[in-house]
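Only one structure is covered here, and it is reproduced in the block below.
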Amino acid sequence: MTGEDTAKTCYYRLILLGLCLTFGFSVILAQLFQYQVLQHDQLKQIADEQRDREKVVLPQRGVIADTHGYLLATNLVRWDISASPPLIADPDDLASRLAGLLALPKEEVYTRLTAEKPWVLLAKEVPQQTGEAILNLKADGLICEARQVRVYPEGELFAHVLGIVTNAGDGFYGVEGFYNSLLKGAGGKLQIEQNPVGDEIPVPPLNFNPPQQGTSLILTLDRNIQYIAAEELNRALEEYQAESGTVIVMDPQTGALLAVVSSPTYDPNHFAEADVRLMADPAVSNMWEPGSIFKIITWAAGLDSGTISPGTTWYDNGAIEVGGRVIQNWDRRGHGLVTMEDGLVQSLNTVAAFISTSVGKDRFYTYLRRFGFGDLTKVDLASEGPGMMKLPGDADWFPSELGTNSFGQGIAVTPLQMITAVAAVANQGRLMKPHIVRQFITTGAHSQERKVVQVEPTLVRWAVSRETAQTLTDMLVQAVEREGSSKARIPGYRIAGKTGTAQIPTAYGYHPTDTIASFVGYAPADDPRFIILVKLDRPKASPWGTQTAAPTFRAIAERLFTYLRIPPDDIRLAHH
């Protein structure tokens with residue numbers, strides 16, 4: 001090849017190279033034009049999503065404690081451990097290290113780490129220390145997710161009043177349900193970036209909006225009183241062969257709930273395994289026809305309206321007709337000339353019907369409304385029921401109900417409604433709003449920012465006058481001291497109370513044998529420190545409240561006198 005030919009070849013090569021470079025640069029420029037001009041907004045959005053994601057940081061749920069500070073609901077950190085097998089470089093080595101930490105056979109862990117799946121679960125709810133140790137392995141493809149688990153140290157003891165918290169962090173039933181938004185707090189936001197395999201890379205703290213921790217609650221409940229009430233309730237259910245039952249203990253002067261117990265119950269730490277029918281609190285959700293304990297309200301209406309006095313007499317021949325219905329006493333007997341105090345002590349249905357008809361339907365139901373029946377108490381517990389009370393003028397109200405309602409038949413109440421109403425008599429006629437939270441404690445972004453809000457007692461209204469309440473209290477003391485409720489008597493203490501034995505309505509009338517036994521009472525009668533409601537469903541040993549609920553009240557009250565250090569009346573009154 002001549003020098004001229006060589007020169008031409010080099011020339012053509014340079015031209016070809018120039019064309020290739022020009023074409024290459026043109027392609028690059030075209031791509032840059034497409035990315036930076038034509039697809040700029042779309043690609044910027046994708047980049048922003050990858051590099052400037054905001055992750056919600058869950059707050060810590062507020063704790064719940066009893067009135068003395070004992071934890072009733074708190075949080076533990078648990079870890080869920082999983083893996084992405086395609087990203088694991090040395091599954092044999094990782095399996096050896098994980099097997100010891102998770103207490104699993106190495107072969108089982110290895111099988112999961114080498115599975116032909118994009119994701120596998122290794123363990124759930126791993127304890128905090130173990131989870132952090134696994135996190136510190138810093139192995140590619142290993143995924144460690146921390147989450148809060150709600151824990152109830154007292155187990156079944158406070159199940160109904162506390163409620164539950166689901167895996168999604170939402171509270172249901174009881175205090176957890178009623179105060180869910182407060183307890184839950186507000187989530188924060190953390191700006192994050194991701195590396196090519198999807199791992200999160202936190203950006204500087206300037207882009208971190210911290211979560212607002214949930215409000216913590218101090219309850220009015222006393223763990224010791226709750227334990228006493230639960231132990232005596234369970235003993236009564238066994239001794240009297242009752243299907244279920246409820247006990248409420250309240251401070252009648254403030255409306256503060258000291259104990260709320262129902263059985264059967266469940267363990268909120270394992271609520272997923274429980275019968276869902278057990279989760280609603282019977283004390284605030286279940287209704288029943290209260291029977292003779294409702295006579296307290298009827299006598300209050302009669303006394304306060306001036307219709308009767310304790311010494312008012314009436315001849316009881318064993319039956320009274322109201323609205324076309326004949327009402328008889330529980331013993332189917334007449335008791336001759338009786339006073340109103342006799343009628344309450346002997347729990348005579350005829351006397352109750354005489355009082356309600358004498359008061360008159362309009363005034364009688366006005367008093368029932370003043371005691372809170374037919375309405376919510378507005379207690380701070382989820383799923384409260386309003387009871388059921390028909391009023392004159394309602395399409396399904398009949399004149400005979402003026403008689404039957406007077407002794408607690410044909411009207412339905414919740415245990416909380418009933419004890420709240422009687423507590424108004426104990427509290428000199430003042431109806432208080434029942435409540436279960438004593439303090440709200442809010443912690444700010446910095447732990448030293450702590451705010452405490454005290455819950456003050458709330459007067460709803462005067463149900464009856466102070467004089468009526470005092471007169472009725474004296475009559476209720478006689479109901480305990482004399483034969484009517486003598487099994488509730490405690491030597492040395494004046495106790496005001498009343499038994500009830502309620503028939504159970506069915507689709508075909510009232511059940512021929514089954515009853516609901518109850519007792520409500522407060523002490524010391526002149527200055528009540530507590531009021532107790534006992535309700536036993538379908539006791540088989542005896543259908544009567546005098547034989548079952550009254551002695552259960554006595555067992556609880558005796559222990560409360562000791563626990564609350566309430567001396568006998570003669571000693572206590574001698575120091576006043």
If only side-chain N and O atoms count, and only distance matters, is there a donor-acceptor pair under 3.5 Å linking Asp527 with Gln253? yes

Which residues pass the ring pair (Phe, Tyr, Trp, His ring centres under 6.0 Å) test with Tyr179, not counting sequence neighbours? Phe440

Between Trp330 and Gln346, is there a donor-acceptor pair closer than 3.5 Å when you use the side chain of the first and the backbone of the second? yes

Would you kindly say whether Ser262 and Thr246 are connected by a side-chain donor-acceptor distance under 3.5 Å? yes

Restricting to non-hydrogen atoms, name the atom on Ser263 and the atom on Asn234 that form the minimum distance, rounded to 0.1 Å. OG-OD1, 3.3 Å

Looking only at side-chain N and O atoms, does Lys498 offer a donor or acceptor that is under 3.5 Å from a partner on Ser518? no

Can you name the closest pair of heavy atoms from Leu573 and Asp526 and give their distance? CD2-OD2, 3.7 Å

If you compare all heavy atoms of Met279 against all heavy atoms of His160, which two are closest, and at what distance to 0.1 Å? O-CD2, 3.9 Å

Minimal heavy-atom distance between Ser292 and Asn349, with the atoms involved, is OG-OD1, 4.3 Å

Counting N and O atoms only, with roles assigned by atom type, does the side chain of Arg430 sit under 3.5 Å from a partner on the main chain of Leu459, one being a donor and the other an acceptor? no

Contact between Ile355 and Met340 at the side-chain level, heavy atoms closer than 4.5 Å - yes or no? yes

Out of curiosity, Leu368 CG to Phe373 CZ, how far, rounded to the nearest 0.5 Å? 6.5 Å

As a quick check of understanding, evaluate side chain to side chain contact (heavy atoms under 4.5 Å, CB included) for Trp299 and Met475, giving each step before the final call. CA-CA 10 Å; Trp299 261 255; Met475 296 171 74; 3.5 Å; yes

Asp222 and Thr67: side-chain donor and acceptor closer than 3.5 Å? no

Looking at Thr350 and Gln328, would you say the former's side chain and the latter's main chain have a donor-acceptor pair under 3.5 Å? no

Do Pro543 and Thr513 come close enough that some side-chain heavy atom pair is under 4.5 Å? no

Report the distance from atom CD1 of Ile566 to atom CZ of Arg572, rounding to the nearest 0.5 Å. 8.0 Å

Considering residues at least two apart in sequence or located in another chain, which fulfil the salt bridge (Lys or Arg N to Asp or Glu O under 4.0 Å) criterion with Glu384? none

Between Arg559 and Asn224: side-chain donor-acceptor atoms closer than 3.5 Å: no

For residues Tyr510 and Glu289, is any side-chain donor paired with an opposing acceptor at under 3.5 Å? yes

Among residues at least two apart in sequence or on other chains, which ones pass ring pair (Phe, Tyr, Trp, His ring centres under 6.0 Å) with Phe371? none

Tell me whether Asp537 contacts the main-chain N or O of Glu243 through its side chain, where contact means a donor paired with an acceptor under 3.5 Å. no

Determine, for Arg325 against Glu401, whether the closest basic-nitrogen to carboxylate-oxygen distance falls under 4.0 angstrom. no

Would you indicate whether the side-chain heavy atoms of Leu472 and Val464 approach each other to under 4.5 Å? no

Closer than 3.5 angstrom, by distance alone: can the side chain of Asn75 be matched with the main-chain N or O of Arg61 as a donor-acceptor pair? yes

Is any side-chain heavy atom of Leu560 closer than 4.5 Å to a side-chain heavy atom of Ile228? yes

Thr420 side chain reached by Leu431 side chain, heavy atoms, under 4.5 Å: yes

Side chain Arg438, main chain Ile218, donor-acceptor under 3.5 Å: no

Counting only N and O atoms by type, is there a donor-acceptor contact under 3.5 Å from the side chain of Asn269 to the main-chain atoms of Val151? no

Test side chain to side chain contact (heavy atoms under 4.5 Å, CB included) applied to Thr215 and Leu183, step by step: CA-CA 5 Å; Thr215 299; Leu183 287 163; 5.8 Å; no

Would you please test Tyr173 and Phe178 for ring-ring contact (aromatic ring centres under 6.0 Å, His included) and show each step? CA-CA 7 Å; Tyr173 307 107; Phe178 190 90; over 10 Å; no

Nearest heavy-atom pair of Ala541 and Glu239: which atoms, and what distance? CB-O, 4.0 Å

Check this for me: does any side-chain nitrogen of one of Arg235 and Glu232 sit under 4.0 Å from a carboxylate oxygen of the other? yes

Does a donor on one side chain sit under 3.5 Å from an acceptor on the other, for Gln503 and Gln409? yes

Under 3.5 Å, side chain of Glu176 to main-chain N/O of Gly163, donor-acceptor pair present? no

Between Gly410 and Met388, which heavy-atom pair has the shortest distance, and what is it? O-CE, 4.4 Å

Can you find a heavy atom in the side chain of Ile516 that is under 4.5 Å from one in the side chain of Lys535? yes

Do side-chain atoms of Asp304 reach the backbone of Ser465 as a donor and acceptor pair under 3.5 angstrom? yes

For Phe158 together with Tyr227, are the ring centres under 6.0 Å from each other? no

Is there a donor in the side chain of Ser383 and an acceptor in the side chain of Ser285, or the other way round, less than 3.5 Å apart? no

Just to verify, what does Tyr152 make a ring pair (Phe, Tyr, Trp, His ring centres under 6.0 Å) with, not counting sequence neighbours? none

Spacing of Glu231 atom CD and Leu157 atom CG [to the nearest 0.5 Å]: 10.5 Å

Given the rule in the ring-ring contact (aromatic ring centres under 6.0 Å, His included) test, do Tyr266 and Phe271 qualify, once you have shown the distances and angles that lead to the verdict? CA-CA 7 Å; Tyr266 67 98; Phe271 68 86; 8.0 Å; no

Residues at least two apart in sequence or cross-chain that pass side-chain hydrogen bond (donor to acceptor under 3.5 Å, both in side chains) with Arg370, listed by chain then number, are none

Using a strict 4.0 Å threshold on nitrogen-to-oxygen distance, state whether Arg494 and Asp569 make a salt bridge. no

Among residues at least two apart in sequence or on other chains, which ones pass side-chain hydrogen bond (donor to acceptor under 3.5 Å, both in side chains) with Trp397? Tyr365

Side chain to side chain, Ile495 and Val477, heavy atoms closer than 4.5 Å: no

Please evaluate residues Met418 and Ile293 with respect to the criterion side chain to side chain contact (heavy atoms under 4.5 Å, CB included), reporting the C-alpha separation (whole Å), side-chain torsions for both, the decisive distance (0.1 Å), and the verdict. CA-CA 9 Å; Met418 195 68 235; Ile293 57 174; 3.6 Å; yes

Do Val161 and Asp281 come within less than 4.5 Å of each other through their side chains, counting heavy atoms only? yes

Side chains of Thr339 and Asp342: do they bring a donor and an acceptor to under 3.5 Å? yes

Do Thr473 and Tyr522 meet the criterion of a side-chain donor-acceptor pair at a distance under 3.5 Å? yes

Heavy-atom donor-acceptor pair, Asp275 side chain to Arg277 backbone, under 3.5 Å: yes

State, without any angle test, whether Ser406 and Lys295 hold a side-chain donor-acceptor pair at a distance under 3.5 Å. no

Is a donor from one side chain sitting under 3.5 angstrom from an acceptor on the other, for Thr468 and Thr471? no

Going through the distances and angles, do Leu219 and Leu162 end up as a side chain to side chain contact (heavy atoms under 4.5 Å, CB included)? CA-CA 10 Å; Leu219 304 186; Leu162 292 180; 4.1 Å; yes

